[in-house]
Structures are given as structure tokens and as C-alpha cells.
2 protein chains.
Amino acid sequence: MGIKERKEKHKEDLRQRILDAAKELFLKDGYDATSIRKIAEKIEFSPTTIYLYYKDKADIMYALHQEGFILLGTQFAVLQHVHEPFERLKAMGRVYMSFALNNPDFYELMFIMKEPIEFVKAHCHGEEWEEGEQAFGALIMTVNHCKEVGYFTKFDTTAFALNIWSLMHGLCALKLQGHLDHMASTKTEIFAGDDWMEKTFSSFVQMLEGLK
Amino acid sequence: MGIKERKEKHKEDLRQRILDAAKELFLKDGYDATSIRKIAEKIEFSPTTIYLYYKDKADIMYALHQEGFILLGTQFAVLQHVHEPFERLKAMGRVYMSFALNNPDFYELMFIMKEPIEFVKAHCHGEEWEEGEQAFGALIMTVNHCKEVGYFTKFDTTAFALNIWSLMHGLCALKLQGHLDHMASTKTEIFAGDDWMEKTFSSFVQMLEGLK
DNA sequence: AAATATAATTAACACTGTTAATATTCCTAA
DNA sequence: TTAGGAATATTAACAGTGTTAATTATATTT
């Protein structure tokens, strides 16, 4: 039955081609401008064909959402080689920030938009979406390691990890949505100099260092 | 020329009626579901009439965005009566959190969505949008007052204020987009109990208290 | 009352996601 | 080899969206 396998492979191929086309459009023009019809045009198929391979637009975007988490996951994975826990924590912050700045569309899809997480809730009830949880798991672990070497000893691990994630996310989100730049350009007397993301992050690190 | 004035007033009235209809739909069904046609139907006018009073949809949403900032501003204004700076800072955090939870659609429009801030950039070049900046100004002032009574003395005021805003925004945004609840429901062993927003905020306050 | 300015409307454009019905292709069994 | 049936792809259509141009109705001024 080699023919059936080839059929299956062909089908899997087309599914991937749809995703690649979607990804290209998405990274170029963003979520809204990535329409089913444009994806179809890119792969030279009829728009409705796409619905034979993906449930709907949210399904396609969820697939990209997953790709994003895998990408962030691989960047986090490298940091497991940094043995000193606090150094690793700082490095994770830097990587998170870089990821957001270098992949703004992915970041938006992964952490800002509602659609993908609602798709998870609606269709992936149960075990799915390990990728996202893994990243948070890595943070929890690192905070615990930090506690072992004397940091944050008075704090609840989960609450502290949420603090860190909230701050990093808030900083990235405010930057990406243009709020930071807007403040810097209107409140010039207070926002002297530039790179306030870096300055804010440094200030946060300084804060954490005081908690040893 | 009393007639001309009445005409002007009538025109201003319709502008307000459009905004009220938009607000009602927006608070009920959110941004996307608030269409020009639905607004028009509500005020019993033709859809295109709306374009005689507002430039486009973003213009209407910017008006609501402003209303949101005025609402938050009034809630902040009350806190000026809290004299002890650190107490005031904590109260501001609580008010910010409550505002986000009680007015999720407003919060999204004000701090999460791109459209309104891009509308500001495109059309309100210059002096406009004091409301938003005022809220941040209040935070800067309070941080400075905290420094005067011995808090955060080693930190740059602007960077520290950005830290606080980032954390509060990140926490609210993660909550509103469903990320917090998702984590709590999948990582049950780590997220025992509930109200992790409150727990995270408490942890943050605990952190700030250590900086005296 | 006629001319003009203002206000509101209809019709249309160019899109969007999505579904039902139809056509085409391909593999299997007689 | 050919007929039947399943899988795949397409066309047509629905119900929307924001927005603009052209047209009509209303009110004001000359």
C-alpha cells in the first residue's frame, strides 16, 4: 500500500504549504491582512480548499502560534547551559525581550491577541499546547534555582514568577503597541535619552539583585 | 443669529448620539462587533451619515478611548487625597487593577489595541491626548514623593515608574487575554488556590516595601 | 421665489470568513 | 477495461465589513 502513503504525504505537504504561505503573509502584513483568499492565491488553489486542511482561520493562526512558542522554546533551551541561576534568569529576560522586538507579529499572536488562546480553549481541551506551558515551567524552575542560591527567599515562587512574566510582558507589550515611544516623544523632559526598554529592564535587574 | 447656534447644537447632539450608540454597542459586544452599520441602525440614520460627524471608525474609537482615560483619570484623582506616598502608590495599583477588571473593553481599547494610538499618531500630532499622559504623570509624581520619604532612592524615577506600569499592565493584560487562567487550569500543582492576580500584586507590594 | 449651501441618502466598490452544491480527479472492485 | 464510489477541488453564494462617489432632500440666504 505504498500509494496510500504517498497520498497521505501529499496531503500533509499541502497542509504545510498552506501554513508556509500563511506564515509569509502574516510576517509581512500581520494578522488582519492575512486573508484566506490571499493564502489561496499564493499556493494557487481555490480559497475553499483551505477549509479541507484547516478548520478555519483561527486554526491556521493557532498553528503559527505554536510555531512561535517552539521558536521561543529553542531560544530558552540554549539558556539551560547557563548554570548560575540568577544569570540564567537575567538571560531569559533578555531573550524574551529580544524575541518580542525581533518577532513582533509572533509576539502579538502568542501573548497579546485573544484568538489563538480562545481556539485552544474551544478545541484543544486537555493535553494540548505544551509549548507555551513549557516556557513558563522553565521560568518557575529558574526562580526555584534562584531561591536555592539565596535569592527571593521570602517570596512565593509562583507569585514571583508571575511578577517577572508580568513585568517582561508589560514592557514588551507597551513597547510594541507604541505606548512607550508615545510617552517618550511627548514627555521629553522626563524621557531624556533613549532605549527606555533597556533602562527599565536594567532597573528591574537592579531591583532583583537587592533581593538576595 | 440664534438659529445658527441651535443648528450647531443640533449637530453636536447628533455627534454625541453617535458616540453613545457606539459606546453601548462597544461595551456590549466589543470592538469588532461594533460596526458602522449597527451604530447607524441604532440612531436610525443611514450608515454614511456617520462619516459626516466622524472621519472613520478609528475616529469614533479614539473618542471612546479618550472617555476611558477620563474615567481612569477621575478614579486616580480621588487618590490624591491619600497623603502618604507609598500608600497612594499601592492604592493606584489597586485602582488600576480594578479598572482593568471592571472595564475590560475600555482597558483593551486604551492599552492593548493598536488602532487608537495609531490614530493619535496620524491625526493628533502635537498637543492632543493629555488624558493618557496625565495618568502617567501622576505615577511619576507619586514615585518622586515616595523617594522623598525614603523609598526607591537608588533608582531612576522614570525607569522605576515604567517598571511599575509595565508590571501592572502586564498583569492586567495577561489576565484579560486569558493567559493567567489558562496557566492556572493546566498547571494545577503550581497554581493551587485562586486569585493569582491578587497574590501577584501582593508579592509586588512586598517587593517594593523592601526598597525603603 | 430662486439660488445656494447643508445634510442625508442610495448605490456601489472592494474586501472579509465561511458554507452548500457542484464538478473533477483518482483509486478500487467487478 | 470499465463502472462505481470516495476523496479532492471548484464555483457560486451568503452575510457581513469599512468606505467613497453620486444623488436627493432639506434648510438657509439672496
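Fair warning: this is a prediction, and the values are worked out from it, not measured in the lab. Chain naming here is simple, since letters A, B, ... match the order of the sequence lines and numbering starts at 1 in each.
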Side chain to side chain donor-acceptor pair (under 3.5 Å) evaluation trace for B:E133 with A:H182: CA-CA 9 Å; B:E133 293 148 29; A:H182 180 87; 3.2 Å; yes
Any donor-acceptor N/O pair, B:H123 side chain to B:V120 backbone, under 3.5 Å: no
A:Y96-A:Y107 side chain donor-acceptor pair, cut-off 3.5 Å: yes
Polar-atom pairs under 3.5 Å, protein N or O versus N or O of nucleotides 17-19 of chain C: list them with distances, or write none.
{"residue": "C:dG17", "atom": "OP1", "partner": "A:I36", "partner atom": "N", "Å": "3.2"}
{"residue": "C:dG17", "atom": "OP1", "partner": "A:K57", "partner atom": "NZ", "Å": "3.4"}
{"residue": "C:dG17", "atom": "OP2", "partner": "A:I36", "partner atom": "N", "Å": "3.0"}
{"residue": "C:dG17", "atom": "N7", "partner": "A:R37", "partner atom": "NH1", "Å": "2.6"}
{"residue": "C:dG17", "atom": "O6", "partner": "A:R37", "partner atom": "NH2", "Å": "2.9"}
{"residue": "C:dT18", "atom": "OP2", "partner": "A:Y51", "partner atom": "OH", "Å": "3.0"}
{"residue": "C:dT18", "atom": "OP2", "partner": "A:K57", "partner atom": "N", "Å": "3.0"}
{"residue": "C:dT18", "atom": "O5'", "partner": "A:Y51", "partner atom": "OH", "Å": "3.4"}
{"residue": "C:dT18", "atom": "O4", "partner": "A:R37", "partner atom": "NH2", "Å": "3.4"}

Atom-pair distance (CG on B:L25; P on D:dT17), nearest Å: 11 Å
Atom of A:F76, atom of A:M92 and distance for their closest heavy-atom approach: CE2-O, 3.6 Å
Length of the line joining B:I43:CD1 and C:dA7:C1', which is rounded to integer Å: 13 Å
Donor-acceptor under 3.5 Å (B:E131 side chain, B:Q66 main chain): no
Of the listed nucleotides C:dA8, C:dT9, D:dT10, the one nearest the side chain of B:L14: C:dA8
Separation of atom CD in B:E41 from atom P in D:dG18, rounded to whole Å: 13 Å
Within 6.0 Å of CD in A:E115, more than 12 heavy atoms from elsewhere: yes
Whole angstrom value for the distance that separates P of D:dA7 from CD of A:E12: 17 Å
Spacing between B:Y31 atom OH and D:dG16 atom C1', to the nearest angstrom: 16 Å
Axis deviation across the helix from C:dA1-D:dT30 to C:dA30-D:dT1, five-pair ends, to the nearest 10°: 30°
Whole-Å distance separating the NZ atom of A:K11 from the P atom of C:dC27: 15 Å
Nucleotide D:dT17, atom P - distance to CD1 of B:I50 in whole Å: 12 Å
Minimum-distance nucleotide to A:S46 side chain [options: D:dT8, D:dT11, C:dT10]: D:dT11
Touch class at under 4.0 angstrom, heavy-atom based, for A:Y54 against every strand present: nothing
Other residues, nucleotides, ligands: >12 heavy atoms within 6.0 Å of A:D195 CG: yes
Backbone of B:M197 reached by a side-chain donor or acceptor of B:K175 within 3.5 Å: no
Rounded interatomic separation in angstrom, taking CZ from B:R15 and C1' from C:dA8: 18 Å
Modelled atom types, side-chain donor and acceptor of B:N163 and A:T200, under 3.5 Å: no
